[in-house]
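Working notes, beginning with the structure itself.
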Amino acid sequence: MRILLKTDIERGDAWQKAFAEQAPDIDAVNWPFDGDPASIDYAAVWNMPSDEWARYKNLKAIFSMGAGIDHLASDPKRPKHLPVVRLVEPGLTAGMTEFAVWSVLSHHRFIPEYTRQRQARLWQGHVQIAPYDRRVGIMGLGVLGSDAAQKLAPFGFDLAGWSRSSKELTGVKSYHGAEQLPAFLQRTEILLCLLPLTDETRGILNARTFAQLPKGAAVINLARGEHLVEKDLLAALDSDHLSGATLDVFEQEPLPQDSPIWDHPKVQMTPHVASMLIVDSTVRFFVDNIRRFEQGGDLSPIVDFERGY
Ligand code: NAP
Ligand code: GLV
């Protein structure tokens with residue numbers, strides 16, 4: 001059995017070593033592959049060049065090399081008859097939760113403000129806000145959003161989440177659907193976006209959304225760059241309606257050299273690293289799925305392209 005791997009960041013032979021340890025019968029080959037394309041049974045990909053798909057005639061399923069599948073949803077030549085499995089594994093979830101907790105705590109404790117003050121050699125404290133007086137709102141309460149919510153809850157924040165369907169999560173007020181979005185936004189001082197990118201969520205972090213947040217709110221986008229209208233964010237920061245932002249993802253990646261975001265004093269930014277692939281646990285996820293499928297069981301979780309995630 002053979003799996004083709006196309007990732008965003010080069011890991012040398014780390015994938016091959018992990019497959020050799022966990023499943024010596026599965027031959028893992030890196031893309032680009034110059035062997036016989038008909039010998040490939042499975043493909044685990046990130047941003048596969050669209051024209052490549054036609055070469056792999058015997059594929060049984062596609063794995064997304066990430067939780068998000070927008071790179072496959074927007075690919076006109078993705079073989080539509082094949083199931084697509086998105087990445088849901090504990091290492092990826094833990095990585096995102098670390099980043100989400102860090103970014104919420106950072107805005108809660110005024111770290112971006114203190115970073116700016118340090119540059120100006122300004123010694124000045126901001127009145128500390130008790131966590132129960134801090135209203136944190138998470139857009140998207142799926143695998144990643146609900147884990148982040150559960151890890152933020154013990155800090156004592158006044159937590160809420162917004163999703164398509166209503167949720168019951170201990171310590172998290174649930175808002176759902178377009179009708180409840182305004183109420184969710186009006187109560188949210190630190191907004192964390194962990195939505196998938198779909199036709200409904202593209203551009204959702206826009207001027208209208210920011211206007212509904214209370215003055216001084218902070219926005220954190222760890223999901224996809226296309227959720228955010230960057231010029232609307234910059235306008236809301238420059239008018240002092242928003243106090244700050246943490247961005248891991250951008251409309252265009254890598255962020256263009258001439259983007260004003262690089263130098264914006266109210267923006268903390270990282271280069272799409274909020275949660276990166278952990279090789280061992282990702283391989284375990286692929287191997288478990290392949291074993292189950294080969295024995296007549298189901299792949300999981302399968303993407304619903306009608307729903308968009
Ligand atoms: P998921 O389990 O599919 O959860 C998606 C959540 O969004 C669900 O709660 C869903 O509501 C909600 N949702 C979807 N469409 C909505 C809409 N129109 N209105 C309101 N809520 C909506 O996804 P996940 O695994 O948590 O991943 C979320 C995203 O994180 C990925 O798609 C990816 O883009 C991003 N990500 C980024 C990084 C990074 O390094 N920056 C790493 C991993 C993932 P229901 O629960 O009601 O269905
Ligand atoms: C990364 O962005 C992912 O979707 O896992």
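Along the sequence shown, residues are numbered consecutively beginning with 1. Indexing begins at 1, ligand by ligand and atom by atom, following the structure's order.
Within the structure, ligand 1 has Arg86 among the residues with a heavy atom less than 4.0 angstrom away. Ligand 1 does not have Gly66 within reach: every non-hydrogen atom of the residue lies 4.0 Å or more from it. Residue contacts with ligand 2 include Arg224, since one of its heavy atoms falls under 4.0 Å from the ligand. A heavy-atom separation below 4.0 Å is found between Lys167 and ligand 1.
Among pairs with a residue in residues 94-115, none fulfils salt bridge (Lys or Arg N to Asp or Glu O under 4.0 Å), at least two apart in sequence or across chains.
Interatomic distance, Trp102 CH2 to His107 NE2, rounded to the nearest 0.5 Å: 7.0 Å.
Closest to atom 43 (C) of ligand 1 among all protein heavy atoms lies Leu144 CD1, 3.7 Å. Distance from atom 19 (N) of ligand 1 to its nearest protein heavy atom, with residue and atom name: Trp162 CH2, 3.2 Å.
Remark: Thr115 pairs with no residue by the side chain to side chain donor-acceptor pair (under 3.5 Å) rule, at least two apart or across chains.
Where the criterion is an N or O separation shorter than 3.5 Å, residue side chain and backbone included, Leu92 fails it with respect to ligand 2. Considering backbone and side-chain N/O of His272, one or more are found under 3.5 Å from N/O of ligand 2. Considering backbone and side-chain N/O atoms, Ala67 comes within less than 3.5 Å of an N/O atom of ligand 2. In terms of polar-atom proximity, Ser275 is not counted as a contact of ligand 2, lacking any N or O under 3.5 Å from an N or O of the ligand.
The aromatic rings of Phe110 and His126 lie parallel to each other, with less than 30° between the two planes, well short of the 60° mark.
In this structure, a donor-acceptor pair under 3.5 Å is present between the side chains of Thr201 and His227.
Taking a cutoff of 4.0 Å between a charged side-chain nitrogen and a carboxylate oxygen, Asp147 and Lys151 qualify as a salt bridge. Note on Arg202 versus Asp70: no salt bridge recorded, every NZ/NE/NH1/NH2 to OD/OE distance being 4.0 Å or above.
Those atoms of ligand 2 that come under 4.0 Å of a heavy atom in Gly68, given as number and element, are 3 (C), 4 (O).
Comparing Thr93, Leu195, Leu141 against atom 29 (C) of ligand 1, the shortest heavy-atom distance belongs to Leu195. Proximity annotation for atom 5 (C) of ligand 1: of Gly140, Gly68, Pro196, Pro196 comes nearest, heavy atoms only.
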**OP:** Dump the intermediate steps for ring-ring contact (aromatic ring centres under 6.0 Å, His included) on Phe155 and His108, then the final yes or no.
**Re:** CA-CA 11 Å; Phe155 287 97; His108 171 57; 8.5 Å; no

